[in-house]
**Q** 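This structure is in structure tokens; I'll ask about it shortly.
Small disclaimer: the values here were computed from a predicted structure and weren't measured. Proteins get letters first, then strands, A, B, ... in listed order; numbering begins at 1 in each.
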Amino acid sequence: MASINITVDGVARSVESDQRPTHIFAEDKSIVVARVNGELRDLWSELKDGDVVDGVAIYSPDGLSVLRHSTAHVLAQAVQQTFAQTRLGIGPPIRDGFYYDFEPERPFTPEDLEKIETTMRKIVKDGQRFKRRVTTEADALKELAHEPYKCELIGIKSGGNEETSVEVGGSELTIYDNLGRDGEPVWSDLCRGPHLPSTKLIPAFKLMRSAGAYWRGSEKNPMLQRIYGTAWPSQDELNAYLEMLAEAEKRDHRKLGQELDLFSFPEEIGSGLAVFHPKGGIVRRAMEDYSRKRHEDEGYEFVYSPHITKAALFETSGHLEWYAEGMYPPMILDEEHHADGTIKRAGQQYYMKPMNCPFHNLIYRSRGRSYRELPLRLFEFGTVYRYEKSGVLHGITRARGFTQDDAHIYCTKDQMAGELDSLLTFVLNLLRDYGLEDFYLELSTRNPEKSVGSDEDWQAATEALRKAALAQNLELINDEGGAAFYGPKISVQAKDAIGRTWQMSTIQVDFQLPQRFELEYAASDGTRARPVMIHRALFGSIERFFGVLTEHYSGAFPPWLAPVQVMAIPVADAFTDYLGDVVKALKAAGIRAELDASDDRMQKKVRNAQMQKIPYMLIAGEEDQKAGAVSFRYRNGEQKNGVPLAEAIAEISAAVQSRAQV
RNA sequence: GCCCCCCUAGCUCAGUCGGUAGAGCGUUUCCAUGGUAAGGAAAAGGUCACCGGUUCGAUUCCGGUGGGGGGCUCCA
């Protein structure tokens, strides 16, 4: 047999020409796919002289994708075995798992999923080999005549996007046959591949849920039924993933919002409209107060604006043109009608404000402005109302009424770069003060289809934002075409305590609104010039940030944010008066302290305070009272007994002042 | 908005194959005076989300509305 010269994992080797990656990597069971000359290939693919071959382990990012995509295939096979009339959509790998879209005769039930999962386990146990077969468009169309969605993919092969390319991308059209024990195909699917060599190599998977999803992601297309699953290189990793999900569920802000009595969404008010209870009110006020102080230090000026306005304002700003469907419909006032119902006198339309910028522009324009006033920074906790589609509402993080910590900076073009730079530093430091540590940045650039303005302006702004972003030494991701219609933006993405990312602050440059509102200032040479406008929100929405922090801290807020900082617990009734005095002293020191004078036993009071996630319990009995002391019980169960009252107050105050977590 | 699922006491949930309901926690009162995560007893508390339909009879079946959940699409 002739031999060929190849490079394996960076080492030149000579092997017999019938050797395939599966033989070359036979020693290492974790290798499930190979990278041949930079492209992912099945372990059974043929090699030729000069190939550069690298083994790809199942736990590498590529390996995980192949594992998950292969599991999606097993899912599709199981579905068609169980429900023969089901048509196939696509089945790509996604973060932590995979999905497959189907058009079933009727939507899947939870019981269906169990049945399908059982069938999947049989297929995995069967050890079916994934065998690649190259076909032609004509043959594929014939073979898959009963699969209308697959045929559509074949038709759009060239112009496919990221997701569809999983099925039909690459230079050749391929079908994968699953071979049973007898070597005969038991099932086939159009697919680009690659796959694991065998279904047996799927170590751990689980179906998660079914949901509707539009075919190829467009709401104009029919809705298919999607099944989500997860797959991992080991059972342990699957278990860890499921535990992470359980942990996320435990710290869901909607659940904690109720358990900790922070806020609610009364049905009587309407979907997406929250009320904050006293405890939530304290957290929120602490958040706002600190933000307000920091903004003062940074040279922001505080303004207020009304919640409703005549339509003309949003016509000027362009929002009615671009976002009317996202606004609450207008209130029509003073309209007069004839007896037959026709309009005698046109009414005045008022809208709830979906944003604050037009109001700030009017404040800017309320008098002439000089270059000496710039940068002018106007800040408002502005409550806005957006008619979000009912399906997108999510607790307090996606609501219909919410309050932005909104500011608009008016500056000269020369000042723009410096302003963006200091602004981004300010934003990140403030987020750090609230306890978020792990960030990356995203730069959203122009979408030519959905934007206005000159190329030069867009480019200048985009580059200024990029420069400011790069100066932070954080990872920077490009979001091509993701900008709003009026200008590019940087958004700050933060990772929370369990590794989920949240979009936080945004900084947007805007050349449009100054033009539309004809904003001007007198330049130093006496000419009139147009300012640049920068929109920015740190929290985005206070409610949303509240929700994110609630989940980040799992409701165990650091003392400076905690609704109740100290719960005083007497060992017995006899010490209630003493602790009453202690609480008075704490309150005098500005500490939010409460006394549990109920007739519960002490143990029960400890439990109650623990479940309310109160940072400090101060307990006192006879010994403490005699010594003028208290005993600490911390959230983690640790205790420190006999602490003199003054010392206790100092310790708590210090933690509050430093915004430390305890 | 679209697909699927859900709505029973303040909360978490049982339950009624159609004959108007139950537990635990919480609340109130009483007893108990207890050193670090649930002491005991009694009581109050529900038009079974709302509106229609089918039925002798609907919390239960059907339809609609409202609210919620998981996704999709969207997010100035």
Side-chain angles (χ1 to χ4, degrees), chain A residues 99 101 104 106-110 112 208-228 249 252 254-255 258-259 261 264-273 314 317-327 353-358 384 386-395 397-399 404 406 450 482-487 489 503 506 508 510 512-513 535 537 540-541 544 569-576 598-611 617-624 631-635 637-641:
Chain A
Y99 67 77
D101 286 343
R106 55 155 178 84
F108 300 110
T109 64
D112 291 339
M208 303 303 286
R209 66 176 77 88
S210 64
Y214 296 111
W215 167 236
R216 296 182 57 212
S218 167
E219 56 186 336
K220 294 187 182 73
N221 288 339
M223 183 155 277
L224 304 183
Q225 294 299 313
R226 175 172 297 179
I227 295 180
Y228 283 95
E249 201 177 316
D252 188 315
R254 295 166 299 183
K255 188 175 148 83
Q258 181 175 81
E259 287 172 3
D261 198 13
S264 61
F265 288 89
E267 194 180 321
E268 291 84 343
I269 301 178
S271 214
L273 300 167
F314 290 118
S317 69
H319 289 106
L320 270 173
E321 185 188 335
W322 291 88
Y323 297 107
E325 78 293 344
M327 292 167 66
K353 66 170 170 180
M355 51 193 358
N356 306 298
C357 19
V384 298
R386 298 180 181 177
Y387 193 72
E388 304 283 7
K389 290 181 183 179
S390 57
V392 308
L393 299 173
H394 184 86
T397 58
R398 189 85 186 267
Q404 297 179 307
D406 204 3
K450 274 174 74 177
F485 73 90
Y486 51 74
K489 74 170 177 200
Q503 180 176 323
T506 58
Q508 310 192 232
D510 186 347
Q512 288 313 304
L513 282 185
H535 306 247
S541 112
R544 180 181 149 80
I569 298 176
V571 164
D573 273 357
F575 313 105
T576 303
S598 70
D599 56 6
D600 284 326
R601 298 185 67 212
M602 183 199 68
Q603 285 84 339
K604 183 61 178 296
K605 294 180 182 184
V606 168
R607 176 183 156 83
N608 286 343
Q610 193 79 43
M611 295 208 303
M617 286 177 231
L618 293 186
I619 300 172
E622 197 175 349
E623 291 166 34
D624 293 300
S631 294
F632 275 81
R633 187 188 205 275
Y634 300 95
R635 271 197 293 230
E638 281 175 26
Q639 40 181 308
K640 187 158 79 184
N641 294 337

**Q** Under 4.0 Å between a side-chain N or O of A:Arg209 and OP1 or OP2 of B:G70?
**A**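 No, outside the criterion.
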
**Q** Using whole Å, what does the distance between atom P of nucleotide B:G26 and atom CD of A:Glu259 come to?
**A**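 Taking atom P of B:G26 as the reference, CD of A:Glu259 is at 14 Å.
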
**Q** Taking only the C1' atom of each, what is the distance from B:A44 to B:G53 in whole angstrom?
**A**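 My reading of the C1' atoms in B:A44 and B:G53 gives 37 Å.
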
**Q** Is there side-chain contact between A:Ser631 and A:Leu618, with heavy atoms separated by less than 4.5 Å?
**A**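 In short, these two side chains do not touch, never coming nearer than 4.5 Å.
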
**Q** If you measure from the Lys or Arg side-chain nitrogens to the Asp or Glu carboxylate oxygens, is any gap between A:Asp101 and A:Arg226 under 4.0 Å?
**A**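 A salt bridge links A:Asp101 with A:Arg226.
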
**Q** When you measure only distances, ignoring hydrogens and angles, does the side chain of A:Arg226 come within 3.5 Å of the base of B:C72 through a donor and an acceptor?
**A**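 Check fails, no donor-acceptor contact within cut-off.
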
**Q** Rounded to the Å, how far apart are A:Lys450 NZ and B:U73 P?
**A**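 My rounded result for the distance is 14 Å.
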
**Q** Just call it for A:Gly326: base, sugar-phosphate, or nothing, with non-hydrogen atoms closer than 4.0 Å on any strand.
**A**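 Here A:Gly326 touches the bases of the nucleic acid.
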
**Q** Do A:Lys450's NZ or CZ and the ring of A:Phe485 fall within the cation-pi criteria of under 6.0 Å and 45°?
**A**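 No.
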
**Q** Could you tell me whether the phosphate oxygens of B:U12, OP1 or OP2, come under 4.0 Å of any side-chain nitrogen or oxygen in A:Gln258?
**A**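 Yes, A:Gln258 has a side-chain N/O under 4.0 Å of OP1/OP2 on B:U12.
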
**Q** How far does the C1' atom of B:G15 sit from the matching atom of B:U27, given to the nearest Å?
**A**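 Nearest-Å result for B:G15 against B:U27 at atom C1': 24 Å.
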
**Q** Encode nucleotides 36-47 of chain B as B, S and - characters from 5' to 3', where the letter depends on protein heavy atoms closer than 4.0 Å: B to the base, S only to sugar-phosphate, - to neither.
**A** BBBB--------

**Q** Does a side-chain heavy-atom distance below 4.5 Å link A:Tyr214 with A:Lys220?
**A**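 Of all side-chain heavy-atom pairs linking A:Lys220 with A:Tyr214, none is under 4.5 Å.
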
**Q** Measuring only the C1' atom in each nucleotide, how far is B:G46 from B:U12? A whole number of Å is fine.
**A**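 Straight-line distance between the two C1' atoms is 16 Å.
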
**Q** Roughly how many Å apart are B:C5 and B:A43, using the C1' atom of each and rounding to a whole number?
**A**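 Per the computed distance, 38 Å lies between those C1' atoms.
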
**Q** Determine the minimum heavy-atom distance between A:His535 and A:Cys357, stating which atoms define it.
**A**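 The answer is CE1-SG, 3.5 Å.
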
**Q** For the residue pair A:Met355 and A:Phe314, establish whether any side-chain heavy-atom pair is separated by less than 4.5 Å.
**A**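 Yes, at least one pair of side-chain atoms sits under 4.5 Å.
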
**Q** Between B:U59 and B:C50, how far is it from one C1' atom to the other, in whole Å?
**A**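 Taking atom C1' in both B:U59 and B:C50, they lie 13 Å apart.
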
**Q** In whole angstrom, give the distance that lies between atom CD of A:Glu325 and atom P of B:C75.
**A**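 Interatomic distance, CD of A:Glu325 to P of B:C75: 9 Å.
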
**Q** Please find the pair of heavy atoms, one from A:Tyr228 and one from A:Ala211, that lie closest to each other, and give the distance.
**A**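 Reported closest heavy-atom pair: CE1-CB, 4.3 Å.
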
**Q** Considering non-hydrogen atoms only, spot the tightest contact between A:Gly487 and A:Gln508 and give its length.
**A**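 Smallest heavy-atom distance, with atoms named: O-NE2, 4.1 Å.
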
**Q** What string of B, S and - do you get for nucleotides 62-69 of chain B, 5' to 3', when a contact is any protein heavy atom under 4.0 Å?
**A** ----BSSS

**Q** When you compare B:U28 with B:G64, how far apart are their P atoms, in angstrom units rounded to a whole number?
**A**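 So the two P atoms sit 44 Å from each other.
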
**Q** Figure out the CD/C1' separation between A:Glu249 and B:U12, and round it to whole Å.
**A**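 Taking CD of A:Glu249 and C1' of B:U12, I get 14 Å after rounding.
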
**Q** A:Glu623 or A:Tyr323: which one's nearest nucleotide on RNA chain B is closer to the 5' end?
**A**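 First, find each residue's nearest nucleotide; the 5'-ward one identifies A:Glu623.
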
**Q** I need the CD1-P distance between A:Ile569 and B:G35, as an integer number of Å.
**A**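 Distance, rounded to whole Å: 14 Å.
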
**Q** On a whole-Å scale, what distance lies between the C1' atoms belonging to B:C48 and B:G19?
**A**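 These two C1' atoms come out 15 Å apart once rounded.
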
**Q** Hey, does the side chain of A:Asp112 reach the backbone of A:Thr109 with a donor-acceptor pair shorter than 3.5 angstrom?
**A**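 Looks like yes, one N/O pair under 3.5 Å.
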
**Q** Calculate the interatomic distance between A:Glu219 atom CD and B:G71 atom P; express it in whole Å.
**A**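 These atoms are roughly 18 Å apart.
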
**Q** Relative to the 5' end of RNA chain B, which residue comes earlier, A:Arg386 or A:Pro107, by the nucleotide with the nearest heavy atom?
**A**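 Result of the comparison: A:Pro107.
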
**Q** Within the distance-only criterion (no hydrogens, no angle test), does the side chain of A:Ser317 pair as donor or acceptor with the backbone N or O of A:His319 below 3.5 angstrom?
**A**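 A pair under 3.5 Å: yes.
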
**Q** Whole angstrom is fine here: how far is it from CG in A:Leu224 over to P in B:C4?
**A**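 After rounding, the reported distance stands at 13 Å.
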
**Q** May I ask you to say whether A:Glu219 pairs ionically with A:Lys389, meaning some side-chain N is under 4.0 Å from a carboxylate O?
**A**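 The answer is yes: the pair qualifies as a salt bridge.
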
**Q** Touch check for A:Gln225, heavy atoms < 4.0 angstrom, all strands: base, sugar-phosphate only, or nothing?
**A**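 Touches sugar-phosphate only.
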
**Q** When the P atoms of B:G26 and B:C62 are compared, how many Å lie between them, rounded to an integer?
**A**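 37 Å, rounded to whole Å.
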
**Q** Which dot-bracket notation, 5' to 3', represents the base pairing of RNA chain B when pairs are defined as Watson-Crick or G-U with both distances under 3.5 Å, crossing pairs as [ ], and inter-strand pairs as |?
**A** (((((((..((((.....[..)))).(((((.......))))).....(((((..]....))))))))))))....

**Q** What nucleotide, of B:C74, B:U12, B:C2, holds the atom closest to the side chain of A:Tyr214?
**A**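 Of the candidates, B:C2 comes closest.
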
**Q** Between the base of B:C3 and the side chain of A:Arg106, is there any donor-acceptor pair under 3.5 Å?
**A**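 Between B:C3 and A:Arg106, which were checked side chain against base, a qualifying N/O pair under 3.5 Å is absent.
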
**Q** Over how many whole Å does the gap from A:Asp573 atom CG to B:U33 atom P extend?
**A**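 Answer to the nearest Å: 10 Å.
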
**Q** Are the side chain of A:Arg635 and the backbone of A:Met617 linked by a donor-acceptor contact shorter than 3.5 Å?
**A**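 Answer holds: no.
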
**Q** Indicate whether any N or O donor in one side chain lies under 3.5 Å from an N or O acceptor in the other, for A:Gln610 and A:Arg633.
**A**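 Yes, a side-chain donor-acceptor pair sits under 3.5 Å.
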
**Q** Does A:Gln503 CD have over 12 foreign heavy atoms under 6.0 Å away?
**A**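 Check passes, neighbour count above 12.
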
**Q** So, is A:Tyr228 near the phosphate of B:C72, with a side-chain N or O under 4.0 Å from OP1 or OP2?
**A**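 For A:Tyr228, the contact criterion (side-chain N or O under 4.0 Å from OP1 or OP2 of B:C72) is met.
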
